[in-house]
Amino acid sequence: MAPHNAVISIVQFNEAGAVCLISDQTGDAQAAAMTTLHFTMPNGLGDVFSAHHSADGACYLLLPRHEATLRIITLPTQDPREIEAMVRLSAAEFVPYPIEEMVVTHQSLAQLPGGESHVLVVLVQQDVLNGHLKRLADAGREPVQIFLSTACLAAIATRCDAPGDVALLHVDSAALELAVFREGILRFSRAIVQAAPWNLEDAHSREALVYEVRELLAAYRRESDDGLGADTIYLSTLAVPAPALCDILRAETQKDISIAPTETTLSDENTPCPATLAGALHLIDGDGPLQLHLAPAGLAKSRAIRALQSQLLFGAGLCAIVVCALLLWFGQALWQRSNLIAELQEQRDHIAPNAQGIAAKQQSLHIISRQVDRGGSFLELLSGVSAAAPPADFNITRVQFDRETGMNIWGRAASKDLILKEFLGQLRQGAEGSLSHFSNAHSLYETEGTERGVPIFNYQIAIPQPEEDAHVVTSGIR
C-alpha cells in the first residue's frame with residue numbers, strides 16, 4: 001500500500017500508550033511492503049522511528065472515535081456554501097464547550113430527492129489534538145495529515161462485499177467503536193470508553209465487553225429505519241486476540257461476526273492488519289469515501305509558513321545569477337539592515353519588561369474571566385448529579401439539560417429506594433450555591449422491568465430550572 005521507496009508511519013495514542021504502524025517499501029518495487037505493528041509508550045516513539053529508518057518518512061496521526069463528537073444531520077440545502085454556514089451555526093449545540101476551542105469539519109454524505117442533504121459533522125477539542133501533536137513533536141515528528149478512525153473504517157467498508165447494512169466493530173485498548181454503513185454511506189457511528197483496558201482472561205472485563213457490544217448493536221437497531229439492525233458484522237481489534245473475541249461474541253450475541261477483510265497483512269505476524277490502520281493506508285492514497293480535515297489552525301498556519309519558505313527558497317535558487325550580479329548592492333543593504341535590526345533590538349530590550357508585565361496581567365484577567373464563565377456550567381451540574389448517584393446497583397443512561405426547563409435524568413436501578421431515597425435525597429442535600437435548584441428534584445416515573453432475568457426499575461428524574469435561558473445540551477454514550 002505504501003508507495004515505492006517510502007517509509008510510512010501511522011501513530012495512534014490510546015489509554016495504553018501509543019500504537020505505531022510502519023509500512024516500509026524501500027526495497028524491490030515488485031515486493032510487498034513490510035508492514036509491522038509496534039506498541040510502545042509515547043516517549044518510546046522516537047526509538048521506533050529510528051529502528052525502522054522512518055525518521056525522514058511521512059508520518060500520519062490516527063485519532064480514535066471516542067475523542068471526537070460525530071453527528072449525522074439533515075440540512076434543507078445541497079449548496080456547499082450554505083451547508084458550511086449551517087454547520088457553523090449549529091455546531092455549538094453538539095458540545096458543551098466554546099466553539100472557538102473546537103476543530104469543526106463536515107462532509108456531505110448523501111443528497112436527498114427533496115433538495116435536502118445528509119451531512120456528517122465532526123468536532124474535536126483543539127486541546128486533544130494539540131496534546132497528540134506535542135507527543136509526536138517530542139519524538140521529532142509532525143503529521144502530514146490527521147485521520148479519524150471512522151473515516152478509516154469507511155475505507156474498509158467500501159471493500160466489504162456484503163449486502164444490506166455492514167457494521168464494523170473496532171476494539172481499542174479501553175474503547176469500542178461501532179460504525180454502520182449502507183451501500184458505502186455512513187449511517188451510524190457510536191463509541192464508548194472505559195477506565196481499564198479490555199482483558200479476555202478476566203471474566204468481569206469479558207462480560208463488560210460483551211455487554212457494551214450488545215448495547216452498541218441495540219442502539220443502532222433502535223435508530224435504524226427498519227429496526228432490524230446490521231446484517232453483517234466485521235471485527236477489528238488492537239487490544240485483544242481477534243479470533244478469540246470473534247468466538248466469544250458469536251456465542252454471546254448469536255450473530256455472525258468475522259474478522260474485517262483489510263487486504264493488508266502484518267509481515268512479522270502474518271495476521272490481518274487492524275481495520276483502522278489498514279483504512280488509514282487507503283486514505284493516504286486518497287482512496288476513501290470520508291475525507292475529513294482535522295488539522296488545528298496552528299498546524300495549518302505553520303505548514304503554510306513552511307510552504308511559503310520553500311517557495312521563497314526555490315525562487316532564490318532561480319535568482320542566484322541575479323543575486324551574484326547584485327552582490328555589492330546586497331552587501332550594502334545587509335549592512336543597513338543589520339544596523340536597523342540592532343536598533344530595533346535595543347528598542348525591544350528597552351520596552352520588553354513593560355510588555356511582559358502587561359501580558360502577564362492580561363493572562364491573569366483571561367484566567368479569571370474563564371473561571372467566572374464556568375460557574376453554573378453544564379459540567380458543574382453534571383458533576384453534582386454524579387456525586388449524588390449511589391455507588392452500586394444504579395446507573396445513569398442519559399442526561400438532558402435545557403437552561404429554560406432544567407435537567408432530566410434517565411437510568412436504571414435495582415430498587416425504588418435507590419431512586420427515591422438515596423439518589424433524590426442526595427440531590428436535595430447538595431442543593432446549594434449554583435446547584436440550589438437541585439432542591440426541586442422529583443421523580444416522574446419508576447417502572448419495573450427485567451434485564452437478563454434480573455428485576456430492575458427504569459426511572460426519570462426531573463430538576464426544574466425555569467429561570468435560565470440557553471440551548472439544549474445532551475450527554476450520553478456517543
Any non-hydrogen side-chain atom of Ile8 less than 4.5 Å from a side-chain atom of Ile22?
no

Give the intermediate values and the outcome of side-chain contact (heavy atoms from CB on, under 4.5 Å) for residues Glu215 and Tyr211.
CA-CA 6 Å; Glu215 287 294 303; Tyr211 173 78; 3.7 Å; yes

Would you sort out whether Thr105 and His293 count as a side-chain hydrogen bond (donor to acceptor under 3.5 Å, both in side chains), showing the intermediate values?
CA-CA 6 Å; Thr105 187; His293 304 285; over 6 Å; no

How close do Cys246 and Leu235 get, counting heavy atoms only, and between which atoms?
SG-CD2, 3.5 Å

Under the side-chain hydrogen bond (donor to acceptor under 3.5 Å, both in side chains) criterion, do Gln12 and Thr276 qualify, and how do the steps go?
CA-CA 10 Å; Gln12 176 189 327; Thr276 51; 4.5 Å; no

Any donor-acceptor N/O pair, Gln194 side chain to Ala196 backbone, under 3.5 Å:
yes

State, to 0.1 Å, how close Glu177 and Ser189 come at their nearest heavy-atom pair, and which atoms those are.
OE2-OG, 4.5 Å

What is the distance from atom CD1 of Ile10 to atom SG of Cys273, rounded to the nearest 0.5 Å?
7.5 Å

With heavy-atom distances below 4.5 Å as the criterion, would you say the side chains of Cys59 and Glu142 are in contact?
no

What's the verdict on salt bridge (charged side-chain N to carboxylate O under 4.0 Å, His left out) for Arg206 and Glu201, showing C-alpha distance, side-chain angles and the deciding distance?
CA-CA 7 Å; Arg206 185 171 61 249; Glu201 302 296 330; over 6 Å; no

Which residues share a salt bridge (charged side-chain N to carboxylate O under 4.0 Å, His left out) with Arg221, sequence neighbours left out:
none

Passing option when His106 is tested against Val87, Leu120, Leu123 for side-chain contact (heavy atoms from CB on, under 4.5 Å)
Val87

Report the C-alpha separation of Val119 and Arg71 in whole Å, then their side-chain angles, then the decisive distance to 0.1 Å, and conclude whether the side-chain contact (heavy atoms from CB on, under 4.5 Å) test is met.
CA-CA 8 Å; Val119 178; Arg71 295 290 185 272; over 6 Å; no

Are the side chain of Asp172 and the backbone of Ala175 linked by a donor-acceptor contact shorter than 3.5 Å?
no

Between the main-chain N or O of Asp287 and the side-chain N or O of Asp285, is there a donor-acceptor pair closer than 3.5 Å?
no

Note, Met102 side chain near Tyr97 side chain (heavy atom, < 4.5 Å):
yes

Check: Thr262 side chain, Pro274 main-chain N or O, donor-acceptor pair, under 3.5 Å:
no

Counting distance only, does the side-chain N/O of Arg141 pair as donor-acceptor with the main-chain N or O of Ser9 below 3.5 Å?
no

If you apply the rule side-chain hydrogen bond (donor to acceptor under 3.5 Å, both in side chains), what do you find for Glu67 with His132, and how did you get there?
CA-CA 11 Å; Glu67 293 185 353; His132 294 330; 2.7 Å; yes

Using a 4.5 Å cut-off on heavy atoms from C-beta on, say whether the side chain of Met407 contacts that of Leu381.
yes

Looking at Gln107 and Gln291, would you say the former's side chain and the latter's main chain have a donor-acceptor pair under 3.5 Å?
yes

Determine whether Ser23 and Leu281 make a side-chain contact, defined as any pair of heavy atoms from C-beta on separated by less than 4.5 Å.
yes

Ser236 versus His170, closest heavy-atom pair with distance
OG-ND1, 3.0 Å

Report yes if some heavy atom in the side chain of Phe181 is under 4.5 Å from a heavy atom in the side chain of Asp165; otherwise report no.
no

Within 45° of the axis and under 6.0 Å from the centre of the six-membered ring of Phe13, does NZ or CZ of Arg135 qualify?
yes

If you compare all heavy atoms of Gly279 against all heavy atoms of Ala155, which two are closest, and at what distance to 0.1 Å?
O-CB, 3.9 Å

Is it the case that Arg412 places NZ or CZ above or below the six-membered ring of Phe394, under 6.0 angstrom from the centre and within 45 degrees of the axis?
no

Quick one: closest heavy-atom pair of Gln126 and Glu100, and the distance?
NE2-O, 3.2 Å

Is the shortest side-chain heavy-atom distance between Ile233 and Asp256 below 4.5 Å?
no

Checking Val104 against Ile99 for the side-chain contact (heavy atoms from CB on, under 4.5 Å) test, could you report, in this order, the C-alpha distance in whole Å, the side-chain angles of both residues, the deciding distance, and whether it holds?
CA-CA 8 Å; Val104 182; Ile99 198 63; 3.8 Å; yes

Derivation and outcome, side-chain hydrogen bond (donor to acceptor under 3.5 Å, both in side chains), residues Thr77 and Glu116:
CA-CA 5 Å; Thr77 181; Glu116 297 178 324; over 6 Å; no

How about CD on Gln345, more than 12 heavy atoms from neighbouring residues, nucleotides or ligands closer than 6.0 Å, or not?
yes

Provide the closest heavy-atom pair for Ile146 versus Leu133 in the form atom of the first, atom of the second, distance.
CD1-CD2, 4.4 Å

Yes or no on salt bridge (charged side-chain N to carboxylate O under 4.0 Å, His left out) for Arg190 and Glu223, after CA distance, side-chain angles and deciding distance?
CA-CA 12 Å; Arg190 192 72 57 85; Glu223 296 186 18; 2.5 Å; yes

Can you find a heavy atom in the side chain of Arg65 that is under 4.5 Å from one in the side chain of Leu70?
yes

To the nearest 0.5 Å, how far apart are CD1 in Ile248 and OG1 in Thr253?
11.0 Å

